[in-house]
Number of protein chains: 2
Amino acid sequence: MSGASGKEVCDAHESPSEDPARFHPDVVERAASVFRALGDTARLVLLERLAVRELCVSDLAELSGEGLSTVSQRLRTLRAEGLVRRRRSGKHVYYTLADDHVAGLIRNALEHASEEVG
Amino acid sequence: MSGASGKEVCDAHESPSEDPARFHPDVVERAASVFRALGDTARLVLLERLAVRELCVSDLAELSGEGLSTVSQRLRTLRAEGLVRRRRSGKHVYYTLADDHVAGLIRNALEHASEEVG
DNA sequence: CAGACACTTGAACAACTGATGAACCAGCGC
DNA sequence: GCGCTGGTTCATCAGTTGTTCAAGTGTCTG
């Protein structure tokens, strides 16, 4: 390791003169963070349900058969990435997908995946 | 818990009669798995570079300043999700994005993230 | 075939993530 | 006010993930 100052080109191999990474690290990190939030089955199911209609935490908890705390944590993660929005109505807190772009992304991803699984 | 036969509706709150989760668990799991692969900065940078042109492992390692093993592992993850394809040419192994759909997804995500970070 | 180069795989270890119960806010009804 | 229900946050704990070194595979060259 270390050293590596004189890196010669191999026969039929040009060294990568240009560095193709053009987006700022912050941007890539941000995008990765969103993908990470989407990269969990339970959270994806939440989004899938919210893509149909607005639902409150109790509903989502009941549908998935899990505790309020668990669902709330998942929603927290999704909200931190700007994927869902919340709204108060009396004692209930209703969640929805943040915008149509998110809805399209979810639908697109699931349809694409359903083709591959067959 | 358990039982839950007599679930009464709250005042202004209809219970979710229909279960909006329509895709098979396998499909959701598959989609989540792809997102999980995308949800890592280092892997996303790899994809970003591969979106520009085909590169071999050594190139990617040199560009990111990391070991061959590290890069190879990352590519392995991406390949397991069908995001990249590989091709042998002599001693080198060249990687590319699997298809145009992946390329579009990467570009789309990064551009969207760059708007939000501003 | 031996030896170098380009990569891959396996295992071990550190870092992170998600689930869960307890404690803690926020409305509503009594 | 008090209790009750709906949600959130905190802290802990188990499971997962990513990185790294070492050893293995494959390919070209001498």
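Letters go in sequence order (proteins before strands), and every chain restarts at 1.
Scanning for side-chain contact (heavy atoms from CB on, under 4.5 Å) contacts around A:Arg79 gives A:Val84, A:Arg86, A:Tyr95, with sequence neighbours left out. Judged as a side-chain contact (heavy atoms from CB on, under 4.5 Å), and not counting sequence neighbours, the contacts of B:Ala32 are A:Thr41, A:Leu44, B:Arg36. Here A:Ser64 pairs with nothing under the side chain to side chain donor-acceptor pair (under 3.5 Å) rule; sequence neighbours left out. In this structure B:Thr96 satisfies the side chain to side chain donor-acceptor pair (under 3.5 Å) test together with B:Glu54, sequence neighbours excluded. The salt bridge (Lys or Arg N to Asp or Glu O under 4.0 Å) search around A:Arg43 returns none, not counting sequence neighbours.
Looking at the side chain of A:Ser58, the nearest of the listed nucleotides D:dG7, D:dT8, D:dT19 is D:dG7.
With rounding to whole Å, B:Glu62 atom CD is found 14 Å from C:dA6 atom C1'. Atom CZ of A:Arg76 is separated from atom P of D:dA11 by 12 Å (rounded to the nearest Å). In this entry the distance linking CG of A:Leu46 with C1' of C:dA19 reads 14 Å, nearest Å. Nucleotide D:dG7 holds its P atom 8 Å from the CG atom of A:Asp59, rounded to whole Å. Regarding A:Leu75, its CG atom lies at a distance of 11 Å from the P atom of D:dT9, rounded to whole Å. The distance from atom NZ of A:Lys91 to atom C1' of C:dG29 is 8 Å, rounded to the nearest whole Å. Atom C1' of nucleotide D:dT29 and atom NE2 of B:His92 are separated by 14 Å, given to the nearest angstrom. Between A:Leu68 atom CG and D:dT9 atom C1' there is a gap of 13 Å when expressed in whole angstrom units.
Regarding contacts with the backbone of D:dG6, every side-chain N or O of A:Tyr94 stays at 4.0 angstrom or more from both OP1 and OP2. For C:dA6, the OP1/OP2 oxygens have no side-chain nitrogen or oxygen of B:Tyr95 closer than 4.0 Å. Residue B:Arg88 places none of its side-chain N or O atoms closer than 4.0 Å to OP1 or OP2 of D:dG26. Contact annotation: A:Arg86 side-chain N/O to D:dG7 OP1/OP2 distance is not under 4.0 Å.
No donor-acceptor pair under 3.5 Å is formed between the side chain of B:Ser72 and the backbone N or O of B:Ser69.
Within 4.0 Å of A:Gly90, counting heavy atoms only, lie sugar-phosphate atoms of the nucleic acid but no base atom. Here A:Gln73 lies in heavy-atom contact (under 4.0 Å) with a base.
When side chains are defined from C-beta on, B:Leu50 does not count as touching B:Ile106, because their heavy atoms never get closer than 4.5 Å.
In terms of polar N and O atoms assigned as donor or acceptor, the side chain of A:Ser69 never comes within less than 3.5 Å of the base of D:dT8 in a complementary pairing.
Along DNA chain C, the nucleotide closest to A:Ser89 and the one closest to A:Val71 are compared, and the more 5′ of them pairs with A:Val71.
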Sort me out a list of protein N/O and nucleotides 16-18 of chain D N/O pairs below 3.5 Å, or just none if empty.
residue, atom, partner, partner atom, Å
D:dG18, OP1, B:Arg43, NH1, 2.9
D:dG18, OP1, B:Arg43, NH2, 2.6

